[in-house]
Amino acid sequence: MASGGGNNRNGTHRNSLKGTTTTSTVSTDKPLSVNSNPSKPAFKNKSSPLTGASSGLRKSSPGSLGGGAAKDDAGVPGRVRVAVRLRPRNAEESVADADFADCVELQPELKRLKLRKNNWDTDTYEFDEVLTEFASQKRVYEVVAKPVVEGVLDGYNGTIMAYGQTGTGKTYTLGRLGEEDTANRGIMVRAMEDILAEVSPEIDSVLVSYLQLYMESLQDLLDPTNDNISIVEEPKSGDVSLPGATLVEIRDQQSFLELLRLGEAHRHAANTKLNTESSRSHALLMVHVKRTVKGREPAHSSDNGNSTSMARSLRPPLVRKGKLVVVDLAGSERIDKSGSDGHTREEAKSINLSLSALGKCINALAENSAHVPVRDSKLTRLLRDSFGGTARTSLVITVGPSPRHRGETASTIMFGQRAMKVENMLKLKEEFDYKSLARRLDIQLDKLIMEHERKQKAFEVEIERITAEAQNRISEAERNYADAVEKERLKYQKDYMESIKKLEEKWMMNLQNQGNERKMVHIAEEVAEVKKLLSKETSLRKAAEEEVDNLKSQLAQLKMSEASANSEILKLRKMVEDEVCQKEKLEGEISMLQSQLLHLSFEADETRKRLDRGGPGKVPGRLDSPVSQVRSQLKDSGNGEKASVAKLFEQVGLQKILSLLEAEDADVRIHAVKVVANLAAEETNQQKIVEAGGLKSLLMLLGSSEDETIHRVAAGAIANLAMNEKNRELIMSQGGISLLSTTASHAKDPQTLRMVAGAIGNLCGNDKLQTKLRGEGGIKALLEIVKCGHPDVLAQVARGIANFAKCESRAATQGSKTGRSLLIEDGALPWIVQNANSDASPIRRHNELALCHLAQHEVNAKDMISEGALWELVRISQDCPREDIRTLAHRTLASSPDFIAGLKRLRINY
């Protein structure tokens, strides 16, 4: 709940989304290779103060909003593009200015705007785009925002900003969700659709922060407790970072819409004369897009045909990072026209001061001033990259047609004219993802080591096989050689002995025949024959010796092959040593790259160290039972920096959490019902909880437990489930109204009563359950709850009564309901009349709406006149700040015969 005059736009609070952090990498800037749009000078029928201003390209000076960037970075000039959008007349202007012409005339085909001074004098201005009151949201997005979004996807920073008087349609242009009609979607929703359509969920990321600048305090819309975020400026690059802001990773469009709803619920707004929901803060949506570039090398790398595969593998992936900033400025206003007072007046002063500081900076940039007063406001510090910096900026100024606000319209137009003269230097953000390279090199190194070990093992096995084969062959050759030599020796010895024996015998015979000459000649012949045999034996011995020499040469060759094998072994060992050296060199390069990465991502490392120091302790590897495990995780979920409910839901499972609702330990039941209540707040979990029996368990716990904390949290979970039409019938069929009424009668804590009243109020919004809800005491329970007197409780009761009255009015119109209202029969009318003019705006608004719906049915008119409701209807038709309720009251009084007669009888002039 906002303090003072600023109110949250929605009454329901959602759980804060858990932020995520990303790893920073070394970045290089590269200019955008597109032509910037040349500026078109504005002209007027009469002399303008801007006519003589310089229209040349502006370079960022040291004092400019982007002056912190390095001087040697390349960039492409790109002027701030400005579009003007005209809001159509509203109902009030149609009545008040019926006799006057619009102060603005548009010429969209010429991109010109004419501002009427009087009936015969006009000033003419020219803009980049002129959007009439009939321009669609899609047309506005395509001409204003789509080029910026495409630049962000290509790696450039971009800014889309809306400026104008309060009530002229800035939030409608930027932040419209288009839930009722998708054609009304604003720039935020359409931009995220285009971004998600282009990124790849596997390798790219989209991170979102949603902030508001309220009373010079930068607050996190996704975490309301984080209400004083510091702004850190890099001294070298001049970039602005917000280290305390929540970062949410976006995977689909639905999660982004939930994030926008959560942020809008926490944004400050107030009711003024100019706008029933006037923004009291500047809203900034920051989208960080990280995309991996496929199919090309970095812009500054030199690739040649001699590059090895190892060199190509050492190239890090190329990543582009772009940041889109969508700024919904609070509307400028004059206090005498807006009627602001008290705290609302202080908010208006703060808004006007910050817008004035922004205007001074843009004036200085447009005039090429040496000094730009950036530090006069946090708004100008946040937007220093958008004006005169490195971002592509698109500004849409919104104006109204009413001649009563011609001064504010002229001021807005002049702001846009000066902004068109501001020149930015667009820079491409390309980065090397060294961590991804390190992971890839680690995997490649492991593969090389495994391949090397496999080859080395196979080589050793082959060496052993060759060595064993060589030894076997040498041993076999030696054995064969020895056997051959021995055989030859024995053979020659045997032949020699036989020859000697024969010769001796012949010699003896010759001695016996000495006288026989012929015998002597025969002996001589035999001796010659013996000599011939000896000669033959000698030649045979030489042949044997030659064969032995041949075997020896073969043995020498085998020894040489063994030496060659040994040299091959030494060569392979040397190759192994070279592989080891190369491995050590690669490890050294990886260590050097990692140290450089750590040095360049200092801020991310500091954040990770703080998280490590404040993170939860190690979870025991084994717990005694599932109950103790879940209890430990449930208690951890209650601490700010412990595991989230979503993580607990994934780890434990819905059935196990629901089973703990019946645990004997009271603390376990309390923690379990809190987790179920948090899960029930998400629409995607409600059907799972009902199908798993969670609704039945909550109702049983509501009836059986006596702990008021359990009553409060269980009633809140039932209230969340009752937001679904199908679940309302289940709650009613299982006796939910009786249990809630009993809980309300015993409750003392206002917060418990608020939860019970909220649950009954949601059940009151079903047409089919009216009679049953009243029969089980639902209306009487609400009237008993009002005795508490707490404003928040009374607001929930009033909301439930308004829902009931609205359903009755619809049933009476359709013909399915006759007779007096059940609210009147149960005595709720006096309380509604009494609180229809309450000081608390939620109570007053719901009771005014309930009276108007009750008055729609003619049968209720007499009871309402007797209870004094006629006076309140007259007051509502005249003084209600909401036009729809005021119109409904006026139409009811004018169409009811009983009310017209009552007005005449009471002499009320209407």
Side-chain angles (χ1 to χ4, degrees), residues 680 690 695-696 698-703 711-712 714-747 749-790 792-812 816-817 819-835 842-843 846-847 849-851 853-854 857 860 863:
V690 173
L695 176 59
K696 183 177 180 181
L698 289 171
L699 291 172
M700 186 181 300
L701 192 63
L702 194 64
H711 288 171
R712 180 176 67 254
I718 293 171
N720 288 335
L721 294 176
M723 295 174 68
N724 184 282
E725 187 76 19
K726 185 177 179 181
N727 293 341
R728 294 173 188 166
E729 298 180 2
L730 292 175
I731 293 171
M732 292 293 293
S733 64
Q734 297 180 20
I737 283 293
S738 300
L739 291 173
L740 290 170
S741 301
T742 304
T743 302
S745 64
H746 294 91
D749 183 12
Q751 294 302 321
T752 304
L753 292 173
R754 184 172 70 88
M755 293 297 180
V756 173
I760 297 176
N762 288 339
L763 293 174
C764 287
N766 193 315
D767 298 351
K768 303 176 183 178
L769 305 176
Q770 295 267 301
T771 305
K772 187 174 182 181
L773 186 143
R774 186 256 184 142
E776 295 185 6
I779 298 176
K780 291 183 178 180
L782 289 177
L783 295 177
E784 287 294 325
I785 291 175
V786 300
K787 295 179 181 180
C788 170
H790 194 281
D792 292 341
V793 177
L794 297 182
Q796 293 297 328
V797 173
R799 184 175 65 84
I801 290 175
N803 287 341
F804 197 96
K806 182 178 180 180
C807 291
E808 277 195 332
S809 175
R810 184 163 53 242
S816 60
K817 168 81 170 63
R820 288 197 309 163
S821 169
L822 299 179
L823 291 172
I824 296 177
E825 291 182 358
D826 279 2
L829 183 58
W831 185 83
I832 298 174
V833 174
Q834 182 182 356
N835 290 273
I843 301 173
H846 290 309
N847 282 324
L849 192 59
L851 283 177
H853 284 305
L854 288 174
H857 198 27
N860 298 329
D863 292 308

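The two residues Ile760 and Gly778 come nearest to each other via the heavy atoms CG2-O, 4.1 Å. What you find for Ala715 and Ala759 is that their closest heavy atoms are O-CB, 4.0 Å. When all heavy atoms of Asn762 and Ala719 are compared, the pair lying nearest together is ND2-O, 2.9 Å. In terms of heavy-atom proximity, Ala798 sits nearest to Ile843 at CB-O, 4.1 Å. For Leu721 against Val690, the heavy-atom pair with the smallest separation is CD2-CG2, 4.4 Å. The minimum heavy-atom distance linking Val793 with Cys788 is given by the pair CG2-SG, 4.2 Å.
Looking at heavy atoms from C-beta onward, His853 lies out of side-chain contact with Glu808 at the 4.5 angstrom threshold. A heavy-atom distance below 4.5 Å is not found between the side chains of Pro750 and Asp792. Between Val786 and Asn835 there is no side-chain heavy-atom pair separated by less than 4.5 Å. Put simply, the side chain of Leu829 reaches to within 4.5 Å of the side chain of Leu851, judged on heavy atoms. Side chains of Asp863 and Arg820 form a contact here, defined as non-hydrogen atoms less than 4.5 Å apart.
Note: Leu782 CG to Ile801 CD1 = 6.0 Å, rounded to the nearest 0.5 Å. Interatomic distance, CG of Leu695 versus CE of Met700, reported as 10.5 Å (0.5 Å rounding). Separation of atoms OG (Ser741) and CD1 (Ile785) is listed at 7.5 Å; rounding is to 0.5 Å. Distance CG/Leu740 to NE2/His711: 10.5 Å, rounded to 0.5 Å. Once rounded to the nearest 0.5 Å, the distance linking NE2 of His846 with CG of Leu794 reads 11.5 Å. We find the CD1-NZ distance between Ile737 and Lys772 to be 10.0 Å, quoted to the nearest 0.5 Å.
Looking at Leu763, Leu823, Leu854 one by one, the single match for side chain to side chain contact (heavy atoms under 4.5 Å, CB included) with Phe804 turns out to be Leu823. Ile718 pairs with exactly one of Leu699, Thr743, Asn727 by the side chain to side chain contact (heavy atoms under 4.5 Å, CB included) rule, that one being Leu699.
Remark: side-chain polar atoms of Asp826 are not paired, donor with acceptor, to backbone N or O of Ala828 under 3.5 angstrom.
Remark: Arg728 engages Glu725 in a salt bridge (Lys or Arg N to Asp or Glu O under 4.0 Å) (not counting sequence neighbours). Under the salt bridge (Lys or Arg N to Asp or Glu O under 4.0 Å) criterion, Glu825 pairs with Arg774, not counting sequence neighbours.
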- Query: After noting the C-alpha distance and the side-chain angles of Lys787 and Glu784, does the key distance pass the salt bridge (charged side-chain N to carboxylate O under 4.0 Å, His left out) rule?
  - Reply: CA-CA 6 Å; Lys787 295 179 181 180; Glu784 287 294 325; 3.0 Å; yes

